Number of protein chains: 2
Amino acid sequence: MRETDFRSGCPIATTLDVLGDKWTLVIVRDMLNGKAKFAEFLGSPEGVPTNILAARLKRMVETGLAKKTAYQERPKRFAYELTPKGRDLIPVVHAMCGWAKSHYSECWTPPVAFMDLRP
Amino acid sequence: MRETDFRSGCPIATTLDVLGDKWTLVIVRDMLNGKAKFAEFLGSPEGVPTNILAARLKRMVETGLAKKTAYQERPKRFAYELTPKGRDLIPVVHAMCGWAKSHYSECWTPPVAFMDLRP
DNA sequence: GCTACACACTTGCTTTTTGCAAGTCACTAG
DNA sequence: CTAGTGACTTGCAAAAAGCAAGTGTGTAGC
């Protein structure tokens, strides 16, 4: 995503242009919980389709939220992890957790380790 | 949206199921800034299409983020405003503002009044 | 060698959502 | 009787999402 693609200079609109879809923050959550491999993300209960996951990981690398590194050669396998820019989304996901917990009583209480995360 | 439509009980996924698109939080931002009428939302620089705006306002009323009231009869005209549940998104939009300001230096600094908002 | 299996994707196709332009409906003003 | 405003709705093309199946590269077992 280039800056010229942003709808406006508004920080909220800019944030939504980068990660305003149904999957990106779910993947960020998984990464914050230590998941790193393609198959690990697929294992999450939301059930992201493989093509969507591949597209999101690609875009997250392009926008600098995550980085991709080979954790082994032959066969080449990759791990994805958040960059500092990606980790800086922690306050955003925490705020969302707080909101959902307040208004959707049936939703889960995140693990303490997750809520204790700091950028 | 019914609870059975949620992808999982995760609070982040739940939040994204309710407002995980490119427009809803832009409209929330406008409402926090005092906008209330259909034409006022259309005036924002992001340029939401009229059919999308109508659909989002409808869904925001259905999910309890906003309420719609007639501010005059004949011709009937409506005003939209956030419910307490909608105002509780303030920490989410503030967190997004902070993130965008940190990583996209060209984006605007929100007005002090906006950043001083509390649920 | 052959089969089976794992991981990380990619491809093809259908369905859904988005976005744009234009039109509608209920009025008010001149 | 025409023009204008506000709040939408409709039609249609383009883009994105979702599903199932397939591909490429390797290891393990027989």
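Here is the naming used below: chain letters follow the sequence lines, and residue numbers restart at 1 for every chain. The basis for the numbers below is simple: all heavy atoms, side chains too, and nothing from hydrogens, waters or symmetry mates. Model, not experiment: these values are computed from the prediction.
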> B/K37 near the nucleic acid: base, sugar-phosphate alone, or nothing, with a heavy-atom cut-off under 4.0 Å?
Replying inline: sugar-phosphate
A/I52 has its side chain closest, among D/dG18, C/dT18, C/dC9, to D/dG18
May I ask you to verify if any side-chain N or O of B/R56 is less than 4.0 angstrom from the OP1 or OP2 atom of C/dT18?
yes
Q.
Under 4.0 Å, heavy atoms only, any strand: does A/K68 hit a base, just the sugar-phosphate, or nothing?
A. sugar-phosphate
- Distance below 4.0 Å between B/K76 side-chain N/O and D/dC8 OP1 or OP2: no
From CZ of B/F78 across to P of C/dA26 the rounded distance in Å is 13 Å
task: Indicate whether OP1 or OP2 belonging to D/dG6 is found under 4.0 Å from a side-chain N or O atom of B/Y71.
output: no
| message | Any side-chain N or O of B/W23 below 4.0 angstrom from OP1/OP2 of C/dG19? | response | yes
Among C/dG19, D/dT9, C/dC27, the one nearest any side-chain atom of B/P75 is C/dC27
Per atom distances to the B/N51 side chain, the nearest of D/dT25, D/dA20, D/dG11 is D/dG11
* Test: A/D88 and A/R118 ion pair at under 4.0 Å -> no
Heavy atoms only, 4.0 Å cut-off, all strands: where does B/R74 land among base, sugar-phosphate and nothing? sugar-phosphate
Which of C/dT18, D/dT5, D/dC19 is nearest the side chain of B/R77? It is D/dT5
| query | Which part of the nucleic acid does A/Y80 contact within heavy-atom distance under 4.0 Å: base, sugar-phosphate only, or nothing? | reply | sugar-phosphate
